[in-house]
Student: 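Please find one structure pasted underneath; my questions will follow.
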Protein chains: 2
Amino acid sequence: MAVKLDDVDILLLRELQQDADRTNVELARIVGLSPAGTLNRVRRLKETGVVRRITARLDPAQAGFPLQVYLSVTLARHDPRANRTFEETVRAMPQVIAADWVAGEIDAMLLVVARDVPELQQVLVRLSTRGAQRLTTLLRLEEIKPASPLPV
Amino acid sequence: MAVKLDDVDILLLRELQQDADRTNVELARIVGLSPAGTLNRVRRLKETGVVRRITARLDPAQAGFPLQVYLSVTLARHDPRANRTFEETVRAMPQVIAADWVAGEIDAMLLVVARDVPELQQVLVRLSTRGAQRLTTLLRLEEIKPASPLPV
DNA sequence: GATGAAATAGCATTTGC
DNA sequence: GCAAATGCTATTTCATC
């Protein structure tokens, strides 16, 4: 935790994670501060990087992406150059909506969306030709728990 | 795609996914509509469910959660009751910030955050005693690609 | 059926305390 | 961090295409 957060900050973070689509005045009422004070708090949370950004979260299926998969990836080689090639490939593919290096049974975990099966296959083929030795596809069937706030 | 989206809608979705922290007037200028028209569009996108919500995305480490893991889960039993028990357990655990049923080598994929190793272990133990037969932990090391907009 | 322009009420943001 | 003040913005209304 690189930033000191008091109770009001924590409360603001909870509220903003749940619903950032509210006026500053409304937030101020919730946390019991003046609008000016609230504005300063929120600004500081953004500036310090605790709040990375405010975004709209879409329903992937409603937005035209009925296929969502987790892709677990093992690389064929593990030198820095192979890693970078893979990273750049992943960043350049719009269907990959998140990706992380991980420690465990595999090397990387990707989240991929696609409009149909052929598009998904394109993604798989491209990753295979860019260093992925083993790709395990986990098709997202149903949400157990939606993207939730960090329990600050 | 359950909703018809024209070019202006698509443009709005792109902008809102990237940065929802802007005034309606600013959005209106970007998409080339009047503020009133833009407001109607955005409201409709929210009402139809394409936009699920507007939220603050935090930096997990900055917010006090240096440990983030993907947990792949295989259940011991697969009857409806075991599934429900597991679902309810997961929903009730604040450290689980997202969870999905998947088709593939495993049954479910979870995203978990923790303040330290003991807290992570607590999560693992609890899941084990609530139906998880096999738990594979993938520790998030480094971001390859941050949470990105759907490529609408 | 949706847009644009005008009008009002309310808000964001600044300044001084 | 608060209170007051100003300049904009959100939001509604109504005419319009």
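Numbered from 1 within each chain, the chains take letters A, B, ... in sequence-line order.
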Student: Whole-Å distance between C/dT3 P and B/L27 CG?
Tutor: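 Computing the B/L27:CG to C/dT3:P distance gives 15 Å.
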Student: Given atom CG of B/D7 and atom C1' of C/dA2, what is their separation to the nearest angstrom?
Tutor: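 Between C1' of C/dA2 and CG of B/D7: 16 Å.
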Student: Measure from NZ or CZ of A/R140 to the centre of the six-membered ring of A/Y70, then state whether that distance is under 6.0 Å and the direction lies within 45° of the axis.
Tutor: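 No, cation not above the ring by the 6.0 Å, 45° rule.
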Student: Hey, is B/E47 close enough to B/R43 for a salt bridge, meaning N to O under 4.0 Å?
Tutor: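 Salt bridge: no.
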Student: Would you kindly give the CG-to-P distance between B/L33 and C/dG1, to the nearest whole Å?
Tutor: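 B/L33 atom CG is separated from C/dG1 atom P by 18 Å.
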Student: Between protein and nucleotides 10-13 of chain D, what N or O pairs are separated by less than 3.5 Å?
Tutor:
residue : atom : partner : partner atom : Å
D/dA10  : OP1  : B/N24   : N            : 2.4
D/dA10  : OP2  : B/N24   : N            : 3.4
D/dA10  : OP2  : B/V25   : N            : 3.0
D/dT12  : OP2  : B/R43   : NH2          : 3.1

Student: Using a cut-off of strictly less than 4.0 Å, decide whether A/R41 has a side-chain nitrogen or oxygen near OP1 or OP2 of D/dG1.
Tutor: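 Checking D/dG1 against A/R41, a side-chain N or O does come within under 4.0 Å of OP1 or OP2.
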Student: Scan the side chains in residues 26-37 of chain B for donor-acceptor partners under 3.5 Å anywhere in the protein, sequence neighbours excluded, and list what turns up.
Tutor:
residue : atom : partner : partner atom : Å
B/S34   : OG   : B/G37   : N            : 3.1

Student: Are B/E88 and B/R130 ion-paired here, with the side-chain N under 4.0 Å from a carboxylate O?
Tutor: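 Salt bridge absent between B/E88 and B/R130.
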Student: Check the orientation of B/W101 and B/F86. Use parallel for under 30°, tilted for 30 to 60°, and perpendicular for over 60°.
Tutor: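 Ring orientation of B/W101 relative to B/F86: tilted.
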Student: Round to a whole Å and report the spacing from CG of B/D21 to P of C/dC11.
Tutor: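 Value for this atom pair: 17 Å.
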Student: When the distance from CG of B/D6 to C1' of C/dT3 is rounded to whole Å, what number comes out?
Tutor: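 One finds 13 Å between C1' of C/dT3 and CG of B/D6, rounded.
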Student: Identify all side-chain donor-acceptor contacts of residues 105-112 of chain A below 3.5 Å with residues at least two apart in sequence or on another chain.
Tutor:
residue : atom : partner : partner atom : Å
A/E105  : OE2  : B/R134  : NH2          : 2.8
A/D107  : OD1  : A/H78   : NE2          : 3.3
A/D107  : OD2  : A/L75   : N            : 2.7
A/D107  : OD2  : A/H78   : NE2          : 2.8

